[in-house]
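Working notes, beginning with the structure itself.
First the proteins, then the strands, lettered A, B, ... as listed; each starts at 1.
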2 protein chains.
Amino acid sequence: MTIKDIAAKCGVSVTTVSRVMNNHPYVSKEIRDKVLKVIEEEHFVPHVGAVDLVKPRTDAIGLIVRGTRNEFFNDMIPTLESAINDSGYAFYMSQIHTSENELRAAAALAKSKGLKGVILLGGRYDYTPEEVAILDNVPFICCTFTNSFGKISKESFSSVSIDDGRAAKAAVQLLIDNGHRKIAIILASTSDRSISELRFLGYKQALEENGIPFDADLVMETGDFSMERAYKAMKKLLSKKKEFTAAFVISDSMAVASMKALDDAGKKLPNDCSVIAIDGVKMTEYIIPTLTTFVQPREAMAKQTVESLRDIIENRSDYSHVVMKTTLREGGSVKKLQN
Amino acid sequence: MTIKDIAAKCGVSVTTVSRVMNNHPYVSKEIRDKVLKVIEEEHFVPHVGAVDLVKPRTDAIGLIVRGTRNEFFNDMIPTLESAINDSGYAFYMSQIHTSENELRAAAALAKSKGLKGVILLGGRYDYTPEEVAILDNVPFICCTFTNSFGKISKESFSSVSIDDGRAAKAAVQLLIDNGHRKIAIILASTSDRSISELRFLGYKQALEENGIPFDADLVMETGDFSMERAYKAMKKLLSKKKEFTAAFVISDSMAVASMKALDDAGKKLPNDCSVIAIDGVKMTEYIIPTLTTFVQPREAMAKQTVESLRDIIENRSDYSHVVMKTTLREGGSVKKLQN
DNA sequence: TTGATTTATGAAAACGTTTTCATATCTTTC
DNA sequence: GAAAGATATGAAAACGTTTTCATAAATCAA
């Protein structure tokens, strides 16, 4: 069923049908109504490929989501989509595995859909200008990663992120302020050029600034962000018989799993062990005890991301690197130590 | 940058370039290499619209997601995507608001992308053949809804679901078996032709079969599936000073929020009040106490959905209505009542 | 050698739309 | 009642690709 068939059924030309569909003037009411009726009857929907070929495309922004889905991504995606649609851009999304090259994927999406800009969710923090070159000057923004510790090359793309290092440092500092000195950390990796590593650096900085010696025995690397692994990591940590009064866990869901491991081992929360995290998963507001965590401002981050990207697309400004504030959400999982 | 430009740069015809890109034989190694090199250099990516126009499309299956995102949808979407890709179909997705007509959206997506079939996540349970007609014979499957209580019209589409009514009944029966007779229920709506209503019917059936009088005072309608509302609903229920020893909450996240409300009111879990739910949210396996819930087999449901849909597309069988088994995951939130 | 295959290449049609241009009819305006 | 403008319609070109058909060169079989 093509526009030709519709035209034939109505006894008019394809031009007229096209005009009706695109609300051009200069079509008599009589014909317009008839065409609309036939279109309705036949459930006719134009072939997007054909339209795409001939119409100057509507401006579109693409989103590349890298790695396995997690709660943060799942919150960000619809928010980004709305923000993009609200600014009159169309939205395309492509999900890729961690093993794929995200910039290559971005370039492919950009080219094939004629994108005006690309957002990357879940990349690294250290793209070089040479790597970004593949995008062929399509504006590119990285949502999630930070320039803390000067590890980012700022010349060829924008970013919106929280300051992972600073948030981690603040989280650990909060524990220290509450009298904790033996603080464990549970993270995915100490050296993957992403969130995990940055938060690890924040942890170490906080210890250092407070004159607390770093103890490698209190560092648990899980390899990923899963709850299973976090649970096991905490179990293993406990089995070491190494004393600690608090744990900084790099994500909320991992923190929940760690708390369960503590509870299963007979530890009372938060008395026997305090737990603090970074993220802001909704459900952790309702667990018992409520998780103390530094909340990433998801909605604001999504909006800022689209705004920053549009600034480049619409030539209002050059690359920018916006660092958003995390907010401490105090729950009941951190306890003041008396000694 | 089109295929023409590439051809010109290589001094060959567009035909040859096209052949290179589609791995046709009968291109000399010399030319093939040259073309590939230029394509690489120019970051050339073919215009999808043009390809779409002329190539017999790869078979594709579409997914319509209706309503606000929730944890169940977020789990199902990537699983469905993999299952679809694994069977060699391309995947398209479109998210719509509850206010939009899901069948109309499905029809539009199907037409414009030339879909072989459509999956609907989050619809109602009672589509009539007349409504489904808009799809113009594109196979259609509803994932999530059930035929319990004979409320489904089976003639014009397939479905994969859990038996919401039966699961709800089993959940309530479990509470009764543990000695509970004053059982509250927290749900979104008692009459919205979807999950909520079906689970409510299961609750009532269980009570009836055990000779327990139905008490409307123990029914709390929240209006949606949010944790905020569930929390408030439980608070309100508690303020009624109406005695109850257990609560059946229709979703895991709502159950978590209810448990928090109980805890905040000084009730000890599960001693002062047992809680049971249906869903199987990962995180509820790690909360304290672990939530007792009937787990929806997400992965299996996704696989079955794609399989059932392919059965129709590939003419192996007619419409089917598969009801998947939920599994009781016993946690610590249900307590045997001693009296 | 001849003719038949196989290999290699290009010209042009086709896909389903939109849009430009041309044309025809209908209103105005004087 | 003629010129000018507004309104209404259609023919055909254009978009970027794939594919069919034609043709040419190279290889093979006798």
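- Using five terminal pairs a side, the axes of the helix from C/dT1-D/dA30 to C/dC30-D/dG1 at its two ends make an angle of 40°, given in steps of 10 degrees.
- Residues A/T144 and A/F72 form a side-chain contact, since some pair of their non-hydrogen atoms from C-beta on lies under 4.5 Å apart.
- Heavy-atom neighbours of A/E41 CD from other residues, nucleotides or ligands within 6.0 Å: above the threshold of 12.
- Rounded to a whole Å, the NZ atom of B/K55 is 16 Å from the C1' atom of D/dT20.
- With C/dT17, D/dT18, D/dC15 as the candidates, the nucleotide lying closest to the side chain of A/L53 is D/dC15.
- Under a cut-off of 6.0 angstrom, the local environment of CG in A/D86 is crowded, with over 12 non-hydrogen atoms contributed by other residues, nucleotides or ligands.
- Residue contacts for B/S18: at a heavy-atom cut-off of 4.0 Å it reaches a base atom on one of the strands shown.
- Here D/dT17 presents its P atom at 11 Å from CE of B/M1, a figure rounded to the nearest Å.
- Of the candidates D/dA8, C/dA8, C/dT18, the closest approach to any side-chain atom of A/N22 belongs to C/dT18.
- Contacts between residues 27-45 of chain B and DNA chain C, defined by a heavy-atom separation below 4.0 Å, involve B/V27, B/S28, B/I31, listed by number.
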Quick test: give all pairs of protein nitrogen or oxygen and nucleotides 11-14 of chain D nitrogen or oxygen below 3.5 Å, distance rounded to 0.1 Å.
unit_1: D/dA11; atom_1: N7; unit_2: A/T15; atom_2: OG1; d: 3.4
unit_1: D/dA11; atom_1: N6; unit_2: A/T15; atom_2: OG1; d: 3.1
unit_1: D/dA12; atom_1: N6; unit_2: A/T15; atom_2: OG1; d: 3.4

Report task. Start with the C-alpha distance between B/Y127 and B/E102, add both sets of side-chain angles, then the distance that settles side-chain hydrogen bond (donor to acceptor under 3.5 Å, both in side chains), and finish with yes or no. Result -> CA-CA 11 Å; B/Y127 298 107; B/E102 59 272 28; 2.4 Å; yes
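- For A/S94 (side chain) and A/I64 (main-chain N/O), no donor-acceptor pair under 3.5 Å exists by modelled atom type.
- Remark: B/H24 is in phosphate contact with D/dT19, judged by side-chain N or O atoms under 4.0 Å from OP1 or OP2.
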Report task. Output, in order, the C-alpha distance, side-chain angles, deciding distance and verdict of side-chain hydrogen bond (donor to acceptor under 3.5 Å, both in side chains) for B/T15 and B/S18. Result -> CA-CA 5 Å; B/T15 313; B/S18 173; over 6 Å; no
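- Between B/Y26 and C/dA8, a side-chain N or O to OP1/OP2 separation shorter than 4.0 Å is absent.
- Look at CG on B/D52: it is 13 Å from P on D/dT17, rounded to the nearest Å.
- Note on ring orientation: taking the six-membered ring where Trp is involved, the planes of B/F157 and B/F140 are tilted (angle from 30° to 60°).
- The backbone N or O of A/T128 sits less than 3.5 Å from a side-chain atom of A/E131, completing a donor-acceptor pair.
- Relative to the side chain of A/T16, the nucleotides D/dG10, C/dG10, C/dT6 differ in distance, and D/dG10 lies closest.
- Distance, A/H47 NE2 to C/dT17 P: 7 Å, rounded to whole Å.
- The line from CE of A/M76 to CD of A/Q296 is 8.0 Å long, rounded to the nearest 0.5 Å.
- No donor-acceptor pair under 3.5 Å is formed between the side chain of A/R66 and the backbone N or O of A/I96.
- When the P atom of C/dC15 is taken as reference, atom NZ of A/K4 falls 6 Å away, rounded to whole Å.
- Checked by atom type and distance alone, the side chain of A/S87 pairs as donor or acceptor with a backbone atom of A/I84 at under 3.5 Å.
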